[in-house]
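As a basis for the values below, the full set of heavy atoms in this structure was taken, side chains included, without hydrogen atoms, waters or symmetry mates. Protein chains get the first letters and strands the later ones, always in sequence-line order, with residue 1 at the start of each.
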Amino acid sequence: MTAIVTRFAPSPTGFLHIGGARTALFNWLYARHHGGKMLLRIEDTDRQRSTKEAIDAILDGLSWLEIGWDGEVLYQFSRAARHREVAEALLAVGHAYRCFATPEELQAMREAARREGKSFRYDGRWRDRDPAEAPAGVAPAIRLKARQDGETVVEDLVQGRVAWKNAELDDLVLLRSDGNPTYMLSVVVDDHDTGISHVIRGDDHLNNAARQAQIYEALGWEIPRMAHIPLIHGPDGSKLSKRHGALGVEAYRAMGFLPAALRNYLVRLGWSHGDQEVFTTEEMVALFDLDRVGRSAARFDFAKLESLNGIYLRAMSNDEALAAIEQLLPHLPDGRKIAARINNKRELLNTAMSGLKERAKTLVELIDSANYLLVDRPLELDDKAQGLLAPEARALVARVIKLLETVDPWTVEATETAMRAFAEREGVKLAAVAQPLRAALTGRSTSPGIFDVLTVLGKPESLARLKDQVGVAATA
RNA sequence: GCACCCAUCGUCUAGCGGUCUAGGACGUCGCCCUUUCACGGCGAAAACACGGGUUCGAGUCCCGUUGGGUGCGCCA
């Protein structure tokens, strides 16, 4: 068995989207599982559309997802000379030829094909023609002289045996008339030269696999094992477009998802291990293999991602959760402001974190739920909180303040004992007093347990917030 | 249009000829817990696209239909 080498080869024409992220993950897991390597290759041969920003976004996205690659990043364009050399070599041995067809001629062929209801295929008009007949002033492209009989077969690790009649395939361009290599050629040469053993990519490349197989054959090179994994669709089943859901991974970060949760969600799209839903990274590496990858496309489901994210959030320690929040802050629109507020309240946040974590699905929700710890008095009440503090409720709060003032020590147990006794004395349910208190203390209708809130806030702050709501001047 | 791929609950999936009156998870609904919201626990509704074969026996194999997807550039 040769060494396992996979690669993730995105083109830098946009951000790292969710499908690309999963492809990277599968490549990474496969390599790690088999003790091999995963290379990163930026396919930047389209000089018009490749951008530095896209490259940065891809690198940043992979780093955030904690998907590492081996060795240096390979920029495909830097290898153009080598690609040209291979094309020339193919020309020299007669497996390729110069094609002088003009863009206009090609366009005419395309239109003719459309009119006849056939798919476009280059008609091979220069395949056997003497280059001496070349029209003056036309720079030729180099095309592969592909076999026209028989079939091209790809034994795909995921899709199984896939065959195309060679008559369906035309002579693809290897080298453009401007001397630059095409994607088809570059991929084959780079995969070969870097010793790629397994090509794992989206099944939108399945048809390309046939063309590439032809190039390998012409070159006499061994074809790497292929694995075309199914695509991820939008929630409505159609192609993941920018309209709905085709977000860059940085968008998922900004939504407050954890990299580990996203990896876990992604690995279960197309791959399974019995009924297991939650996997540590170590388990994924140990368990992942291509034979458990399915062949049908999956739809992206935010609800499930959120659920998983909640599981990961709850499993974190308070310190980890706080660290995750602080790492996220720079990526949030108002992160600076929040960071400043958190700064001197880290201790407080940490204490409250146990109760907060339990209730949040994302880091954004977690931050939002911690808001009551970060704001200054007097609190702004949201509508529901406002509703909870009707006049009678305020009167109740006024009465409970007196009682609370006597509580000492200020602990969960002591405040609970006091308040339960109070509710009984008043002849009301605990909820009747707890809810107005919650509203006054947090400005909202939901929060962690009220006794926890009381304790986290501390006696002076708690009493002050309560007094704010009954119109009694706080004695700060 | 042509080529290729796909097809189990709303969604992700288990199922690799008999153990399937089809299992799990998310979501939905109900109940319990309960100071709110979550968490947790219990329970319910919910699927083998359709039609032919093959076989003693098909969700599982084959063919077709339908539906969906991808590709069809001197883009990647």
Side-chain angles (χ1 to χ4, degrees), chain A residues 9-13 43-46 48-50 76 99 101-103 106-107 110 113-122 139-143 156 158-160 162-165 168-170 172-178 180-184 186-187 202-210 228 230-231 233 235 237-239 265 268-278 294-308 310 314 355-361 369 384 388 416 419-420 423 429-435 437-439 442 444-451 453:
Chain A
S11 65
T13 53
E43 312 226 310
D44 56 351
T45 54
D46 183 340
Q48 307 302 320
R49 297 197 298 154
S50 297
Q76 190 160 56
C99 170
T102 61
L106 260 13
Q107 191 53 38
R110 235 184 297 277
R114 185 187 305 269
R115 232 178 296 122
E116 293 167 39
K118 291 190 289 204
S119 67
F120 168 71
R121 231 172 288 145
Y122 169 67
I142 295 181
R143 286 185 185 267
D156 194 274
V158 170
Q159 305 291 337
V162 186
W164 294 261
K165 290 185 180 62
E168 299 288 344
L169 278 14
D170 64 359
L172 64 276
V173 171
L174 261 15
L175 211 60
R176 300 187 181 95
S177 52
D178 66 0
N180 284 127
T182 61
Y183 161 78
M184 288 295 176
S186 303
V187 170
D203 72 11
D204 49 339
H205 282 285
L206 187 54
N207 287 291
N208 291 335
H228 289 92
L231 300 178
H233 291 159
S238 65
K239 189 181 177 182
Y265 176 71
R268 285 285 291 102
L269 250 35
W271 176 80
S272 63
H273 180 258
D275 285 338
Q276 191 170 347
E277 298 283 352
V278 180
R295 288 185 290 183
S296 52
R299 298 188 189 198
F300 195 86
D301 181 10
F302 270 103
K304 186 141 185 184
L305 208 211
E306 284 190 343
S307 158
L308 219 33
R314 271 174 261 131
L356 261 19
K357 271 186 326 197
E358 200 74 13
R359 279 154 246 267
K361 293 252 193 283
S369 72
K384 284 180 183 168
L388 251 18
E416 176 161 6
M419 275 182 54
R420 282 192 188 280
K429 284 187 167 177
L430 184 56
V433 31
Q435 278 305 81
L437 234 54
R438 189 183 319 277
T442 69
R444 308 209 178 161
S445 58
T446 66
S447 81
I450 195 66
F451 310 114
V453 170

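C9(B) makes up no base pair with any nucleotide shown, lacking Watson-Crick or G-U wobble contacts both under 3.5 Å. Pairing partner, G51(B): C63(B), with both Watson-Crick or wobble hydrogen-bond distances short of 3.5 Å. In this structure G73(B) sits in no base pair that meets the Watson-Crick or G-U test at under 3.5 Å. Searching all strands for a Watson-Crick or G-U wobble partner of G40(B) with both distances below 3.5 Å returns C32(B).
Asn208(A) comes within contact range of at least one nucleobase, with a heavy-atom separation under 4.0 Å. Met419(A) comes within 4.0 angstrom of no nucleic acid atom, judged by non-hydrogen atoms across all strands. Residue Arg143(A) is in sugar-phosphate contact alone, with no base atom involved, counting any heavy-atom pair closer than 4.0 Å across all strands shown. Among the heavy atoms of the strands, none lies under 4.0 Å from Arg444(A). Within the 4.0 angstrom heavy-atom criterion, only backbone atoms of the sugar-phosphate kind lie near Leu231(A); the bases stay farther away. Thr13(A) comes within contact range of no nucleotide atom at all, as no heavy-atom separation falls under 4.0 Å.
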Spell out protein contact along nucleotides 29-34 of chain B as letters: B when the base is contacted, S when just the sugar-phosphate is, - when no protein heavy atom is under 4.0 Å; keep the 5' to 3' order. ------
Does the protein touch nucleotides 4-14 of chain B at the base, only the backbone, or not at all? Give it as B, S and - per nucleotide, heavy atoms under 4.0 Å. SSSS---SBSS
Within the sub-3.5 Å range, which N or O atoms of nucleotides 37-45 of chain B have a protein N or O partner, and how far apart are they?
unit_1, atom_1, unit_2, atom_2, d
C37(B), O2, Arg359(A), NH1, 3.0
C37(B), N3, Arg359(A), NH1, 2.4
A38(B), O2', Glu358(A), O, 2.9
C39(B), OP1, Lys361(A), NZ, 3.4
C39(B), O3', Arg314(A), NH1, 3.3
C39(B), O2', Glu358(A), OE2, 2.9

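Scanning both residues, Thr13(A) and Ser50(A), for their nearest heavy atoms gives CG2-N, 4.3 Å.
Not a single donor-acceptor pair, N or O on each side, falls under 3.5 Å between the base of C74(B) and the side chain of Thr182(A).
A salt bridge is defined here as a Lys NZ or Arg NE, NH1 or NH2 lying under 4.0 Å from an Asp or Glu carboxylate O, and Glu358(A) with Arg314(A) fails to meet this definition.
Between the side chain of Thr182(A) and the backbone N or O of Val173(A) there is at least one donor-acceptor pair closer than 3.5 Å.
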Any chance you could lay out the ring-ring contact (aromatic ring centres under 6.0 Å, His included) test for Tyr265(A) and Phe300(A), step after step, and finish with the verdict? CA-CA 10 Å; Tyr265(A) 176 71; Phe300(A) 195 86; 5.2 Å; yes
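Along RNA chain B, the nucleotide nearest to Leu305(A) and the one nearest to Arg49(A) differ in position, and the one closer to the 5' end is contacted by Leu305(A).
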